[in-house]
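Throughout, protein chains are lettered first and strands after them, A, B, ... in sequence-line order, and every chain is numbered starting at 1.
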Amino acid sequence: MSEAGASSRPEDRPEKSHPEEGPEQLALIRAAVRERALPRARPRTWRNAPLAERLPVARVLVDKGLIHLDRCFDYAVPAALDADARPGVRVRVRFGAGQREGRREGGGLVNGYVVERRADSDFTGVLAPLAQVLSPEPVLTPELLALCRAVADRCAGALADVVRLAIPPRMARAERASTPEPAPPPELPEPGGWTRYPHGAAFLTALAEGRVPRAVWSALPGPGWPAELATALATTLASGRGALAVLPDGRAAARVDEALTALLGAGHHVLLTADSGPEARYRRWLTLHRGAVRCVVGTRAAMFAPVRSLGLVALWDDGDPAHRDVHAPQPHARDVLLLRAAQQDAGLLLGGHAHSAEAARLVRGGWARPLAPARETLRTAAPLLRTVAEEDEARDEGARFARLPTLAWRALRDGLASGPVLVQVPRRGYAPRLACARCREPARCAGCRGPLVSVGEGEELRCGWCGTARADWHCEECGGPRLRAVVIGARRTAEELGRAFPGVPVRTSGRDHVLATVPDEPALVVSTPGAEPVAEGPGYAAVLLLDGWALLGRPDLRAGEEALRRWLNAAALARGREAGGVAVALAEPTLRPVQSLVRWDPAGHALRELADREALGFPPVSRMAAVTGPPEAVAGLLSVAELPSTADVLGPVPLPVPPAGRPRRTGEPPAGEQWDRVLVRVPPDEGGALAAALKTARAHRLTHREGPPAWVRMDPDDIG
DNA sequence: AGCACGCCGACT
DNA sequence: GTCGGCGTGCTC
């Protein structure tokens, strides 16, 4: 323990234990405490203090996320800090211009991490001393540093930015709390639901024997996957190694947490999600770091969790956009876990009901093995899948009233006879609905009564349900020819459906009001994609997918993949077809994602997507970077960037202004400004060179203040 | 990004 | 001879 880490800090003193004393006296006591305690804890300049005899230089990663400072700085180690200033600890150092020998200490104090202790420095000037060791906990381990470095390089970002994502802020109280003794590895669990997969047992055996299998897992529909994921984690633990699972949201993480607790009891894993407060979060992080617990289940920040001797990393539903971190440099959990599996020699499990093109590429290239159920197993586990064709108009009275095609209405009505029914509707504002500009009557399809949508600018008018082009629309109420955009969200849909089925309870689940579960009894459950509650018992009697045209009409490279992903995740909550489960999609049946849904063939869909993208030279068969910013910034950056000779520059094109209301993400234009975007594409093995070139160019322009800055994003998700 | 240094003109 | 404008470059 150093002086700086001494435990008698002023904030620990029980000040309230002197109730009889007046305020002046309290102030005096406080001052006395401060005088005694603070100089010991306060950072010092260490003028004329002796330096450490052995390895008197500390290489420090300074936590200032300036891209052109993406390197370490050497500091002298005062003898008094010698013992504590070990590699990995948090330190405070003076950093910045103005700190000169013989002058006032002007440089500001910044946080950093000791990366390495050295005998000497290649810096020719006189080294400033470390000001303070904040904590003797060596949080930035060599393993974590290597991972962060690789992630920063891949994302064209700064190391300090990635370390900030990887290590939670220090909470002194959490650090002081004692850590439990490491539990011995658990018993090898039974394979459970994995027997439903032809290669499931072999996958578990490989984990149990300490090998590093890599698999893309097509999970069977139904409620079994959290237990299966938990079994894979527990099997890895039984082999004496650690395991990590990243899930797209807190609800999914809670389900796996619950399954793991059911399997192993408490004490073998921790749950790491955003809603557990900074102190609890750091405490759990520390139990992993200190080796007391070897398994973590969590949302994307858990991808960096310091699990010891990692044997397996698992990622659920890798196509979910939540797996992309919103903070610079916006790494994707899939990329981080792939890097981590390679660096730390761990197995990999990419699971989900859907299949991303990236996952398909791993399988096609032989790097991962498919872990899929037999066709017959799938047939019984999945609901009966139907689509509503264009000519299926609402003929009977009830269907007209519900403004639904007959087939969809019957599925709802029949489903409600035996259990809950799920209706998936587009997110509010996702697909603006249209109404008469004069009388505000919603614009309806003359055939099936579905809402009209106009997808993209200048796109033709279509029915949002049956897809029929309705360019000749006139308002049925007042005859008006002009339209205006309105928003019909889950609540409005719920109201309309509720009127069509009087007496049936209606529950909604959406962005600000997400239900975890619904009971196994008749109810209409209206939900936006990703917020679908899990139905207790055997699952939903019927699932109705209403957002087909809105999803598929988006001018986005991933529109098809994303639509199928949302449908499969919702349809997976339905009962199997032998238990009467039905899922109905209102979408054009000839479209590829719709056909893949009906056949429940996510792997086939992803392979065909992959082939298409390969033909077009799109990710993941190439690596891409998006450069955005004011036109002169984008042009300026590209003019100084020494791109690989194979680079293919697409654009610039004006960037669409992000919808109002949604918080602006980095790299998006502020309101009222017109930004450009350029896409740069290279072959897969030159992605590193592309990232490095753009990072160098950005640093160059920042240091030389050559105009406004441009944003660089590697592997952008939202390319048209 | 800050922040100091430096080289220039206007002032006591 | 000194003060302070902001353009340039560095930060261990």
Table please: side-chain donor-acceptor pairs of residues 640-654 of chain A below 3.5 Å, with sequence neighbours left out.
from: A:T646; atom 1: OG1; to: A:E686; atom 2: OE2; distance (Å): 2.7
from: A:D648; atom 1: OD2; to: A:R681; atom 2: NE; distance (Å): 3.3
from: A:D648; atom 1: OD2; to: A:R681; atom 2: NH2; distance (Å): 2.6

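- Of all non-hydrogen atoms in A:A174 and A:Y282, the two that sit nearest each other are CB-CD2, 3.8 Å.
- Taking atom NZ of residue A:K64 and atom P of nucleotide B:dA1, one finds them 10 Å apart after rounding to whole Å.
- One interatomic measurement links the two molecules: CZ of A:R71 to P of C:dC10, which rounds to 10 Å at whole-angstrom precision.
- Taking atom CZ of residue A:F123 and atom C1' of nucleotide C:dT11, one finds them 9 Å apart after rounding to whole Å.
- A:R677 and A:T628 share no donor-acceptor pair across their side chains, judged by distance under 3.5 Å alone.
- The interatomic distance linking A:D63 (CG) with B:dG2 (P) rounds to 14 Å, in whole Å.
- Atom CG in A:L702 sits roughly 13 Å away from atom P in B:dG2 (whole-Å rounding).
- The CG-P distance, from A:D161 to B:dA1, rounds to 13 Å in whole Å.
- Computed from coordinates, the A:H700 NE2 to B:dA1 C1' distance equals 18 Å when rounded to whole Å.
- One atom, CG of A:L109, and another, C1' of B:dA1, lie 17 Å apart when rounded to the nearest Å.
- A distance of 9.0 Å separates CG in A:D318 from CZ in A:R565, rounded to the nearest 0.5 Å.
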